Amino acid sequence: MKIGVMDSGIGGLNVLAALIKYRCGDGYVYLSDGKNLPYGEKSGEELKQIALRGVRRLVERGANAVVFGCNTLSVAALDFVRKRVVPPVFGLLPRPDLLNGKGLLLCTPTTALYLPNVSPNVCVLTPASLAGLIDKEYPKTALTEEYLSPLLLPYGDCEEVYLGCSHYSFAKSVFKRVLPKAKLLDGAENLAALVSAVLPEKGSKNPSIELLFTGEDQTERYLCILSSLLK
Ligand code: DGL
């Protein structure tokens with residue numbers, strides 16, 4: 001089984017790493033759609049076309065199943081794409097319902113438009129340029145911290161934070177510094193567990209990995225990030 005994974009940049013590598021850990025596939029093809037970053041500021045209509053193009057490209061490269069490593073693409077385009085392609089398509093959907101106590105959910109502005117009912121105990125933040133900033137500077141975090149700290153400071157008593165954009169998982173160290181008491185949640189592991197439960201066979205321990213870029217080729221950087229996630 002070859003699994004295609006798609007995101008606007010590095011965010012979906014968190015999902016790819018989780019899929020590899022759960023041995024979902026024998027091979028993976030990852031589409032980094034840098035030409036269209038940030039997804040989080042695009043309309044639902046634009047995202048549907050972007051998603052369909054991406055899935056078709058992944059299928060051409062041999063993908064038998066596709067996983068959106070991106071909350072924005074999933075909320076805006078998952079149902080649309082599922083009706084138009086044959087292979088199964090899985091999405092990374094934000095789960096505000098997992099926040100029990102005083103919670104904070106961060107997601108892109110577009111994802112916020114599609115959020116299901118959020119409890120009054122949960123605050124929603126949509127830091128517009130955060131995904132782009134993380135995509136640019138990771139593994140460094142200085143600019144991310146400078147941007148994020150003042151936004152998070154008012155939530156010092158928050159108990160749980162849901163990272164509703166796959167890029168934000170690369171800023172966990174910043175969240176931990178600014179909100180040391182908060183438990184951090186994201187959807188990558190749950191999604192990989194679901195994919196592994198649904199797909200018929202267990203994948204390889206040493207799968208093949210192909211990277212595709214619509215923007216600048218960043219193969220070396222991506223492989224480096226992936227190998228640190230797999231440690
Ligand atoms: N990583 C994506 C997500 O999970 C979106 C980042 C972007 O805005 O391109 O929502």
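Note that the structure is a prediction, hence the values are computed from the model and not measured. Remember, it's 1-based here, ligands and their atoms both numbered in the order they're listed.
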Chemist: Determine whether the side chain, the backbone, both or neither of P38 has a heavy atom under 4.0 Å from any heavy atom of ligand 1.
Modeler: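 For P38, the contact with ligand 1 is made by both the backbone and the side chain.
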Chemist: Classify the contact between D135 and ligand 1 as side chain, backbone, both or neither, using a heavy-atom distance cut-off of under 4.0 Å.
Modeler: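 The answer is neither.
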Chemist: Does a side-chain heavy-atom distance below 4.5 Å link I20 with Y28?
Modeler: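 A side-chain contact under 4.5 Å exists here.
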Chemist: Can you list the ligand 1 atoms lying under 4.0 Å from a non-hydrogen atom of C165?
Modeler: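 Counting from 1, the qualifying ligand atoms are 1 (N), 2 (C), 3 (C), 4 (O), 5 (C), 6 (C), 10 (O).
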Chemist: Could you identify the single nearest non-hydrogen protein atom to atom 1 (N) of ligand 1 and state the distance to 0.1 Å?
Modeler: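 The closest heavy atom on the protein side is H167 ND1, 2.8 Å.
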Chemist: Run the numbers for me: atoms of ligand 1, each under 4.0 Å from some heavy atom of G40, listed by number.
Modeler: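 Under 4.0 Å from G40, ligand 1 has these atoms: 7 (C), 8 (O), 9 (O).
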Chemist: Are F90 and Y30 linked, directly or through other ILVMFWY residues, by side chains that come within less than 4.5 angstrom of each other?
Modeler: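 In one cluster with F90: Y30, yes.
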Chemist: Any nitrogen or oxygen of G11, main chain or side chain, under 3.5 Å from a nitrogen or oxygen of ligand 1?
Modeler: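 Between G11 and ligand 1, no N or O pair is found under 3.5 Å apart.
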Chemist: Is it true that atom CZ of R23 has more than 12 heavy atoms of other residues, nucleotides or ligands lying nearer than 6.0 Å?
Modeler: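 For R23, atom CZ is crowded (more than 12 foreign heavy atoms under 6.0 Å).
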Chemist: Would you say K35 has more than 12 foreign heavy atoms packed within less than 6.0 Å of its NZ?
Modeler: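 Not more than 12 within 6.0 Å, no.
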Chemist: I'd like to know whether CG of D157 has more than 12 heavy-atom contacts from other residues, nucleotides or ligands below 6.0 angstrom.
Modeler: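 Above 12, so yes.
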Chemist: Run the numbers for me: atoms of ligand 1, each under 4.0 Å from some heavy atom of L37, listed by number.
Modeler: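 The list of qualifying atoms is 9 (O).
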Chemist: Counting only nitrogen or oxygen atoms and a 3.5 angstrom limit, does E41 reach ligand 1?
Modeler: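 Min N/O separation from ligand 1 is not below 3.5 Å for E41.
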Chemist: Would you say Y39 has any N or O atom under 3.5 Å from an N or O of ligand 1, going by distance alone?
Modeler: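 Yes; the residue has a nitrogen or oxygen that sits under 3.5 Å from a nitrogen or oxygen of the ligand.
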Chemist: Given that the side chain starts at C-beta and the backbone is N, CA, C, O, which of these parts of A131 lies under 4.0 Å from ligand 1, counting heavy atoms, or is it both or neither?
Modeler: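 Side chain only.
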Chemist: Between R57 and E60 (salt bridge meaning N to carboxylate O under 4.0 Å), is one present in this structure?
Modeler: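 Answer for the salt bridge query: no.
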Chemist: Between ligand 1 and T111, is the shortest N or O to N or O distance under 3.5 Å?
Modeler: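 No.
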Chemist: Just checking, any donor-acceptor pair under 3.5 angstrom between side chains of T108 and T111?
Modeler: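 Side chains of T108 and T111: pair found under 3.5 Å.
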Chemist: Has the side chain of T126 got a donor or acceptor atom that lies under 3.5 Å from a matching backbone atom of A128?
Modeler: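 Between the backbone of A128 and the side chain of T126 there is no qualifying donor-acceptor contact (under 3.5 Å).
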Chemist: Counting from 1, what ligand 1 atoms have a heavy atom of T72 closer than 4.0 Å?
Modeler: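 Listed by number with element: 3 (C), 5 (C), 10 (O).
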Chemist: Taking only Lys NZ, Arg NE, NH1 and NH2, and the carboxylate oxygens of Asp or Glu, determine whether D33 and R53 approach each other closer than 4.0 Å.
Modeler: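 No salt bridge links D33 with R53.
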Chemist: Of all the non-hydrogen atoms in the protein, which one sits nearest to atom 2 (C) of ligand 1, and at what distance?
Modeler: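 Protein heavy atom at minimum distance: C70 SG, 3.1 Å.
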Chemist: Taking only heavy atoms of D7 into account, list the atoms of ligand 1 that are under 4.0 Å away from them.
Modeler: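 Per the distance check, 1 (N), 2 (C).
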